[in-house]
Amino acid sequence: TQLLEQSPQFLSIQEGENLTVYCNSSSVFSSLQWYRQEPGEGPVLLVTVVTGGEVKKLKRLTFQFGDARKDSSLHITAAQPGDTGLYLCAGEDAGGTSYGKLTFGQGTILTVHP
Amino acid sequence: NAGVTQTPKFRVLKTGQSMTLLCAQDMNHEYMYWYRQDPGMGLRLIHYSVGEGTTAKGEVPDGYNVSRLKKQNFLLGLESAAPSQTSVYFCASSLYRGLVTQYFGPGTRLLVL
């Protein structure tokens, strides 16, 4: 069974601060996805990283895939109250018969105070 | 397009009762998934389907059954609900496996007393 350890579990910061969320595993993934979930709604995909060492930017969000494709990070610059939500990482099995199954991390609840 | 819809949004059951959760997607997606979300545990896959008429077990299938009689619908059944099945259930769909977006429904909140 593949596991994804996500940290921290909770993050409470002031508007304008920077933050980083980590997603670590001992398993190799073929891709790593980051989702954001708002209360009462389902997760929504933010980004998919595929290549080891890949860096993708989405406005103030920077996503990085580790060289060995076992870990990933999400960095938010100058956080805003609108960034508040649950952030989930999800790895796609590198095996051949996974049928697109995703292994999710536990999630990081981010609260950005005005 | 409505995307992925789930029915009902909220339900309270007594231990031992049965119910069916309905998921519908209008994107002509081949793959559909049922997850449960519990505090501090992320999303865990219950069952999934790779096409009409096919289903397979995920990570936590015990106590649940599924059916995919039509491509656009994926049903999750609880034959005899237990308090441990209190959770938020999410359905998702994707066009194919791998490197594709999974689109999630809004969730069904289930409380088993």
Side-chain angles (χ1 to χ4, degrees), chain A residues 1-10 21-25 27 29-51 54 56 58 65 69 72 85-109, chain B residues 2-10 21 23-25 27 29-51 54-61 68 74 87-109:
Chain A
T1 301
Q2 296 179 306
L3 292 174
L4 266 175
E5 295 291 331
Q6 196 172 333
S7 63
Q9 208 169 347
F10 301 96
V21 178
Y22 299 93
C23 191
N24 295 298
S25 176
S27 303
F29 293 100
S30 60
S31 69
L32 201 295
Q33 299 181 346
W34 285 91
Y35 289 81
R36 179 165 173 257
Q37 184 179 12
E38 305 228 20
E41 298 181 8
V44 176
L45 181 69
L46 293 174
V47 77
T48 301
V49 285
V50 179
T51 308
E54 182 176 4
K56 279 192 174 179
L58 190 66
F65 202 11
R69 292 186 290 132
S72 181
L86 173 66
Y87 290 82
L88 294 157
C89 63
E92 184 184 0
D93 189 0
T97 58
S98 65
Y99 298 107
K101 285 190 295 183
L102 296 176
T103 298
F104 281 85
Q106 306 98 314
T108 295
I109 298 175
Chain B
V4 180
T5 58
Q6 292 183 234
T7 310
K9 289 190 173 138
F10 177 70
L21 282 69
C23 174
Q25 53 94 3
M27 298 174 282
H29 285 173
E30 289 292 334
Y31 292 78
M32 296 187 75
Y33 313 84
W34 274 109
Y35 294 91
R36 60 177 289 173
Q37 185 175 39
D38 302 292
M41 302 189 74
L43 287 122
R44 291 181 293 169
L45 183 66
I46 305 171
H47 285 281
Y48 64 97
S49 169
V50 301
T54 68
T55 63
K57 294 179 180 180
E59 181 186 353
V60 288
R68 183 112 179 257
F74 195 27
S87 187
V88 182
Y89 292 86
F90 287 98
C91 175
S93 71
S94 65
L95 187 56
Y96 300 113
R97 58 167 283 198
L99 294 180
V100 294
T101 302
Q102 286 195 13
Y103 293 87
F104 285 82
T108 293
R109 188 174 296 273

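Residue numbers begin at 1 in each chain, while the letters A, B, ... track the order of the sequences.
- Within the 4.5 angstrom heavy-atom criterion, no atom of A:Leu4 approaches chain B.
- Note that the OH atom of B:Tyr35 and the CZ atom of A:Phe104 stand 4.5 Å from one another [nearest 0.5 Å].
- Here the CD atom belonging to A:Gln37 is positioned 4.0 Å from the CD atom belonging to B:Gln37, to the nearest 0.5 angstrom.
- Closest of all the heavy-atom pairs between A:Pro43 and B:Leu43 is CG-CD1, 3.9 Å.
- Looking at heavy atoms from C-beta onward, B:Gln102 lies in side-chain contact with A:Leu102 at the 4.5 angstrom threshold.
- Dense packing is recorded around CZ of B:Arg44, with more than 12 heavy atoms of other residues, nucleotides or ligands lying under 6.0 Å away.
- Only the backbone of A:Glu41 comes within less than 4.5 Å of a heavy atom of chain B; no side-chain atom from C-beta onward does.
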